[in-house]
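Below you'll find the structure, written out as structure tokens, and then a few comments.
Only this structure's heavy atoms are used, side chains among them; waters, hydrogens and symmetry mates stay out. Here, residue 1 is the first one in the sequence, and each next residue gets the next number.
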Amino acid sequence: MYSFSPKLKSTSLILLVVGLVLFGIGFFMNNGISTERIKEMMEAVHSAGHNAPTHSSEMVGPQDEASHLEHATMQIHNSPLASIHFVAVFFFGLSCAVLFFYCIQHAAHAGWPIIITRVMEAIASYIPYGGAILVILMLLNIFHQGHIFHWMDPDLTDPTSAHFDVILFEKKRFLNIPFYAIRTFIYVLGASFFAWKLKAQSKKVDETKSKVEYQFLYRWAVGYIAFFGFASAAWAWDWLMSIDPHWYSTMYIWYSMVSCLSSGIAMIILFSVYLKKNGFLPQFNDNHLHDLGVFLFATSMLWTYTWFAQFMLYWYANVPEEVNYFFGRFQHYGITFLPMLIVNFLLPLLVLVSSSIKRNYKVVTVMAVVVILGHILDYFNMVMPGTVGPYWKTPEVFILILGALLFVVGLFMFTVLTALSKLKLIPTGNPYLHESEIYEYPF
């Protein structure tokens, strides 16, 4: 039985509180930015030769100086909501992806990962808490306390308005506030239900050791796979792609989901190695680590494929309205956009390609941290250019992002480790437990 140490509990709570304090400081600093400073920031952007819109929606509506100032003001004051949004979506998606990985193993009747079943269930315990943050953010947006989804502005779909946007008008059957709110509740409540039900059914299998109950666990796992397949695609549209609603990509849903899946496997590695090194999970061995390393390597390569396929098709077509999505990132996010390929592709390729390296606890753990940080940067690149635009290199934004990260990481640690302390680490009722205990990679 795992015991949540007071020291680690204090650390997670300190991270949570410090994150809240930093985010509050950043919020008040951002709220206090004057019009004169905003004008100076606009002039700095223009003097650097960046006069083109950061995304295609900026080309709609009046283009006079007052309109540009209004748009810049909105982008700058988007910083608090955008900072917490990309972190919240990332960790919610990561937890849901871990539960998906868990269900894939059960649906395949895989024996090797049974030892880490409780680790995956504990990570999935974060889903309702991460979902609650997203519901709060959704409410702030639909009540116009934030503007990171500019399609929510009713003027943009009003044909009589000077800001009328024909593209958003055509999309308003899907992109409208009531339907968006309903979908958000479906994602959060649905994922939370499956996280609870799968944990409860797994516990029942332990208690009864019944193959009938295990069959029910299998069926619920298949149900979640189907739910996640549709929901992860739809929340990628809602929470991420609709930030740039003129643009769309058929690869985007896979791209954003695989980012979370790779990070989720990295998180499983971190918690499994932590439990192993502290004597709570001695059954976890080099062979389990090796297979997790294989999945980490494979998902990193899959993420690279989806990134390249998406980018290459837009580069090849060279359609101005679509290329504009990447143009703004090249202009204003050059130090984060392409360099993330180093941590998300090049390092996993060079380090994890060797089979023997995947058995090295230190190397695999370090790579797990690198992959998680790399995909946090990936989500930063998904959200910030379309919300904050070129105005992200300010002390306020850095404080907001650091605060949001520390808060969510602290909450995540506290939730997962608390869940672990309430679970029996070895699923003794699972019929494949013995196979997992004696598992040995054959090569």
Side-chain angles (χ1 to χ4, degrees), residues 94-124 198 202 214 217-218 221 224-225 228 257-305 344-345 347-372 374-375 416 420 423 425-428 430-443:
L94 181 155
S95 302
C96 290
V98 167
L99 192 61
F100 171 69
F101 185 74
Y102 167 91
C103 290
I104 287 287
Q105 307 307 318
H106 281 304
H109 295 303
W112 73 270
I114 301 306
I115 286 296
I116 56 171
T117 290
R118 298 298 186 239
V119 173
M120 293 186 279
E121 289 176 0
I123 294 172
L198 286 161
S202 179
Y214 179 76
L217 177 62
Y218 166 84
Y224 179 74
I225 291 170
F228 180 81
M257 186 274 284
V258 173
S259 186
C260 286
L261 181 59
S262 186
S263 303
I265 292 166
M267 196 66 75
I268 295 170
I269 291 171
L270 292 181
F271 280 106
S272 299
V273 172
Y274 163 73
L275 291 173
K276 167 77 172 180
K277 293 302 182 182
N278 285 276
F280 295 108
L281 197 61
Q283 296 88 346
F284 182 83
N285 59 42
D286 297 357
N287 299 290
H288 302 109
L289 181 70
H290 176 275
D291 276 22
L292 285 171
V294 168
F295 277 106
L296 184 63
F297 175 79
T299 51
S300 294
M301 297 308 104
L302 179 58
W303 175 87
T304 306
Y305 164 74
N344 290 336
F345 163 58
L347 288 179
L349 173 66
L350 296 177
V351 176
L352 293 176
V353 71
S354 166
S355 185
S356 59
I357 283 292
K358 296 186 187 78
R359 296 172 179 271
N360 187 308
Y361 282 83
K362 288 184 179 178
V363 172
V364 176
T365 301
V366 169
M367 285 310 304
V369 173
V370 167
V371 166
I372 292 169
H375 287 294
V416 174
L420 270 176
L423 294 169
L425 289 183
I426 304 300
T428 52
N430 193 293
Y432 293 95
L433 175 61
H434 181 63
E435 182 181 334
S436 186
E437 289 175 328
I438 65 171
Y439 173 70
E440 186 174 347
Y441 190 72
F443 302 107

| How about V371 and F297: do any of their side-chain heavy atoms sit closer than 4.5 Å? | no
How about I372 and M267: do any of their side-chain heavy atoms sit closer than 4.5 Å?
yes
### Task
Under the side-chain contact (heavy atoms from CB on, under 4.5 Å) rule, what do F284 and I116 come out as? Steps first, then yes or no, please.
CA-CA 8 Å; F284 182 83; I116 56 171; 3.6 Å; yes
Worksheet item: Can you find a pair of side-chain heavy atoms, one from V294 and one from H290, that are under 4.5 Å apart?
Response: yes
Minimal heavy-atom distance between S262 and L296, with the atoms involved, is O-CD1, 3.6 Å
* Asked: With side chains defined as the heavy atoms from C-beta onward, is the minimum distance between I426 and L281 less than 4.5 Å?
  -> yes
Taking every heavy atom of L198 against every heavy atom of C103, the minimum-distance pair comes out as CD1-SG, 3.4 Å
Value for CG (L302) from CG (L261), rounded to nearest 0.5 Å, stands at 8.0 Å
Of all heavy-atom pairs linking T117 and P427, the shortest is CB-CG, 4.1 Å
Tell me whether the count of non-hydrogen atoms from other residues, nucleotides or ligands lying under 6.0 Å of OH in Y274 goes above 12.
yes
Here the gap from I225 atom CD1 to I104 atom CD1, rounded to the nearest 0.5 Å, amounts to 4.0 Å
All heavy atoms of F345 vs all of M301, minimum pair found to be O-CE, 3.8 Å
d(T299 OG1, M257 CE) to nearest 0.5 Å is 10.5 Å
Fill in: Whether K358 side chain and L352 backbone form a donor-acceptor pair below 3.5 Å
yes
Does one side chain, of N285 or H288, offer a donor that lies under 3.5 Å from an acceptor on the other?
yes
### Query
If we only count heavy atoms from C-beta on, is the L420 to L275 side-chain gap below 4.5 Å?
yes
* Does the gap between the ring centers of Y102 and Y224 come in under 6.0 Å? -> no
For L292 and I265 the tightest heavy-atom approach is O-CG2, 3.6 Å
_Plane angle bin for Y214 and H109 - parallel if under 30°, tilted between 30 and 60°, otherwise perpendicular_ = tilted
In the structure I gave you, are the side-chain heavy atoms of T304 and N344 within less than 4.5 Å of one another anywhere?
no
Ignoring hydrogens and angles, tell me if any N or O in the side chain of S436 forms a donor-acceptor pair with the backbone of I115 under 3.5 Å.
yes
For S202, the side chain to side chain donor-acceptor pair (under 3.5 Å) test, sequence neighbours excluded, returns R118, E121
Taken in chain and number order and not counting sequence neighbours, the residues that satisfy side chain to side chain donor-acceptor pair (under 3.5 Å) with Y432 are none
One should read off an interatomic distance between T365 OG1 and K277 NZ, to the nearest 0.5 angstrom, of 7.5 Å
When rounded to the nearest 0.5 Å, the distance separating CD of Q105 from CZ of F100 is 10.0 Å
Heavy atoms of S259 and S263 approach each other most closely as O-OG, 2.9 Å
Does F228 reach the side chain of L99, with side-chain heavy atoms less than 4.5 Å apart? no
Separation between CD1 (I268) and CG (L289), nearest 0.5 Å, reads 12.5 Å
| message | Quick check: do H375 and C260 have side-chain heavy atoms less than 4.5 Å from each other? | response | no
